[in-house]
Amino acid sequence: MKLKEKMKNKNHNKFDKKKLIGTISKKHIKNGSYTMVMSVIFIAVVIVINMIVSTIPSKYSEIDISSQKLYSIGDETKKMLKDLEKDVTIYQIAQSGSEDENIVNLLKKYEDESKHIKVEQKDPVVNPKFVSQYTSDDLSANSLIVVCGDRNKVIDYNNMYETSMDYQTYSSQTTGFDGEGQITSAIGYVTSENLPVLYTVEGHGEKDMDSSVKEDIEKANMDIKSLNLLTEGTVPDDADCLFIDSPSTDFSSDEKDAIIEYLENGGKAMIFSDYTTEDMPNFDAILENYGVQRVDGVVFEGDNQHYAMQMPYYLVPTINSTDASSETASAGYYVLVPYAQGIKQLEDVRDTVKIESILTTSDQAYSKTDLNSNTIEKEDGDVEGPFDLGVSITESLDDDKETQIVYYSTSNLMDSQTNQMVSGGNEKLIMESLKWMTDTEESASVSIPSKSLEVSYLTITDYDAAFWKICTIALIPGIFLVIGFVVWIKRRKA
């Protein structure tokens, strides 16, 4: 009896173990299935999210954290793309897998900003004859070809990166990235019906145009031509603007008359002058015909908030908002104006002439007439300020014509080193002034400066430099000394 019960209990235990094992197996299978299903769902969600993110324009999905915004496009380019009405195709000439990622990402920004921009990659190995349709030159890898209808422009890869030679190590260093400047310029070129022509007046000891300014003008798709009025006699009919860069000798009477005739028929002119002891009555007559006059001497500033580098003739003027300078003024740029003459507005001028101040000094400025003086302080005979250092002049004429002139009283405004001291402020002002005069419905001038990869300069006036010098040398250490003294007193009393 006992044996039967033992056998029965043993069989019962075996049955319970089988049942338990079966239950555990089902539970593991159920949990494993649940885990597998959740994993599949999670992977599917990740794939769907990636697919959604990949369709989001790069301007929303990518952030340019570089200090100079090297791989983004600026407001001027965005405005041009917004107004774009023609289809433009940009071909990147590169073998598959060898694309320059900086350029690829930049081109995505253009595609995202306008439905009229299309980017295609062309592998020169797969399509060996493609480039020859547009140029006979040998292009570097990752060069671009911008096409709109029958017009095209080639951008060589080497023109998108600026380099300089380090003569200590005899190695080449990349100093700037001009991708946006070159691409925007090319789009403007292929979509413009008529490109403005800028004539530089020569034959009077004028300064050579600064290379960086010339590059900016060319990027703005302006055609630069030389003009000798002595041989030509008149300003050519295709002139959209005259460029007069600080003549050191005077115009002849006939040249003066030719320039005034051009201006009085709705012409445009950008004029620079420098201090000279040379008598120039004909040059001055052109300015006086539009209500402005050069002040004798060189301007010095008496207010240390309006000059830099401890030199009162390195002027930091106020930038006023005019049609020729509003963007520069609103962007908060500084402009550095060395060795400038004052500009005086005449009262005896036609009612149709409108003069606006672009750059102005403080009330404490004065024009030093004796440059051989042993002192920079104001003396008897010096002319009291304030002065204009740059003006825009307009005159409304019949037949909806309008004369436009921008006059700056020093050509040093265009100097590359001076421009670097204010992080491109001078360059921006000059190009904005030119753009104001040359933009038409058929052609819009857009010139994007190259983005430097070098250290940017911090521009401060002498007042600011003195303030921070006092703070760092005296004020901040003084505060810590006082705090330390107070703590010492409290501990001693305790």
Side-chain angles (χ1 to χ4, degrees), residues 73-74 76-77 79-80 88 90 106 134-135 137 139-140 143-148 151-164 175-202 206-227 236 238-246 268-272 324 327-328 406 408 411 413-420 424 426-440 442-452:
I73 56 177
E76 287 185 81
T77 296
K79 184 179 182 301
M80 187 197 75
V88 176
I90 304 175
L106 185 61
Y134 302 99
T135 180
D137 297 336
L139 294 184
S140 307
S143 296
L144 305 177
I145 301 175
V146 183
V147 181
C148 178
R151 294 177 66 85
N152 67 82
K153 188 169 185 179
V154 176
I155 306 172
D156 191 87
Y157 177 74
N158 295 322
N159 292 333
M160 286 185 275
Y161 285 94
E162 295 181 344
T163 59
S164 65
T175 58
F177 180 62
D178 195 25
E180 182 188 358
Q182 294 292 336
I183 296 169
T184 298
S185 173
I187 293 173
Y189 175 83
V190 299
T191 57
S192 297
E193 297 294 335
N194 298 302
L195 300 179
V197 180
L198 182 73
Y199 276 93
T200 58
V201 178
E202 297 182 350
E206 288 87 355
K207 287 189 174 181
D208 292 332
M209 185 182 293
D210 186 270
S211 59
S212 62
V213 173
K214 185 176 182 180
E215 181 182 332
D216 287 339
I217 293 173
E218 290 172 342
K219 278 202 297 185
N221 296 313
M222 298 183 198
D223 190 8
I224 303 175
K225 296 182 179 181
S226 300
L227 174 61
D238 65 339
D240 291 285
C241 186
L242 287 183
F243 193 89
I244 302 174
D245 187 2
S246 184
K268 326 289 183 184
M270 174 167 274
I271 304 174
F272 293 87
E327 293 179 7
T328 309
V406 173
Y408 293 112
S411 64
L413 194 68
M414 294 184 286
D415 180 71
S416 298
Q417 292 183 341
T418 303
N419 180 61
Q420 289 178 359
N426 289 10
E427 182 180 23
K428 183 170 180 62
L429 178 63
I430 292 167
M431 291 311 301
E432 184 182 357
S433 299
L434 265 179
K435 179 182 176 182
W436 170 63
M437 291 187 290
T438 58
D439 271 4
T440 64
E442 294 80 17
S443 174
S445 302
V446 180
S447 181
I448 310 298
S450 174
K451 297 174 181 179
S452 176

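Nothing here was measured: the structure is a model prediction, and the numbers come from that model.
Of all non-hydrogen atoms in Ile430 and Met414, the two that sit nearest each other are CD1-CG, 3.3 Å. Between Val190 and Arg151, the closest heavy-atom pair is O-CD, 3.5 Å. Here the shortest heavy-atom pairing between Ile155 and Ala186 reads CD1-CB, 3.7 Å. In terms of heavy-atom proximity, Asn152 sits nearest to Val147 at CB-CG2, 4.0 Å. The two residues Ser416 and Ser212 make their nearest non-hydrogen contact at OG-OG, 3.1 Å. Heavy-atom minimum distance, Ala220 versus Met431: CB-CE, 4.0 Å.
In this structure, Tyr199 has its ring center at least 6.0 angstrom away from the ring center of Phe243.
Taken from CD1 in Ile224 to CD in Glu218, the straight-line distance is 4.5 Å, to the nearest 0.5 Å. A distance of 15.5 Å separates NZ in Lys207 from OG1 in Thr200, rounded to the nearest 0.5 Å. One finds the CG atom of Leu227 at 10.5 Å from the CG atom of Leu198 (value rounded to the nearest 0.5 Å). The line from CG of Asn159 to CG of Asp178 is 8.5 Å long, rounded to the nearest 0.5 Å. To the nearest 0.5 Å, the span separating OG on Ser246 from OH on Tyr408 amounts to 15.5 Å. For the atom pair Glu202 CD and Asp245 CG, the distance stands at 10.5 Å (nearest 0.5 Å).
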Carefully, step by step, assess Ile183 and Leu106 under the rule side-chain contact (heavy atoms from CB on, under 4.5 Å).
-> CA-CA 10 Å; Ile183 296 169; Leu106 185 61; 3.9 Å; yes
Is there a side-chain contact (heavy atoms from CB on, under 4.5 Å) between Asp238 and Asp223 once you walk through the steps?
-> CA-CA 11 Å; Asp238 65 339; Asp223 190 8; over 6 Å; no
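Contact annotation: the side chain of Met80 never approaches that of Thr191 to less than 4.5 Å [non-hydrogen atoms, C-beta and beyond]. A 4.5 Å side-chain heavy-atom check between Lys153 and Asn221 finds at least one atom pair inside the cut-off. Residues Asp208 and Lys214 form no side-chain contact, since every pair of their non-hydrogen atoms from C-beta on lies 4.5 Å or further apart. A 4.5 Å side-chain heavy-atom check between Leu144 and Gln182 finds every atom pair outside the cut-off. Side-chain contact between Glu180 and Thr77 is present, with at least one heavy-atom pair separated by less than 4.5 Å. Using a 4.5 Å cut-off on side-chain heavy atoms (C-beta onward), Met209 and Ile217 make contact. Residues Val146 and Val88 meet the side-chain proximity criterion, which asks for heavy atoms closer than 4.5 Å.
A donor-acceptor pair under 3.5 Å links the side-chain atoms of Asp240 to the main chain of Val197, judged by distance alone. Ser140 places no side-chain N or O within donor-acceptor distance of the main-chain N or O of Asp156, the cut-off being under 3.5 Å. Judged by distance alone, the side chain of Glu432 and the main-chain N or O of Thr328 form a donor-acceptor pair under 3.5 Å. Side-chain atoms of Thr418 do not come within 3.5 Å of backbone N or O of Leu413 as any donor-acceptor pair.
Just one residue in the list Leu195, Leu434, Asp216 forms a side chain to side chain contact (heavy atoms under 4.5 Å, CB included) with Met222, and that residue is Leu434.
For Tyr189, the OH atom sits in a loose shell: 12 or fewer heavy atoms of surrounding residues, nucleotides or ligands are nearer than 6.0 Å.
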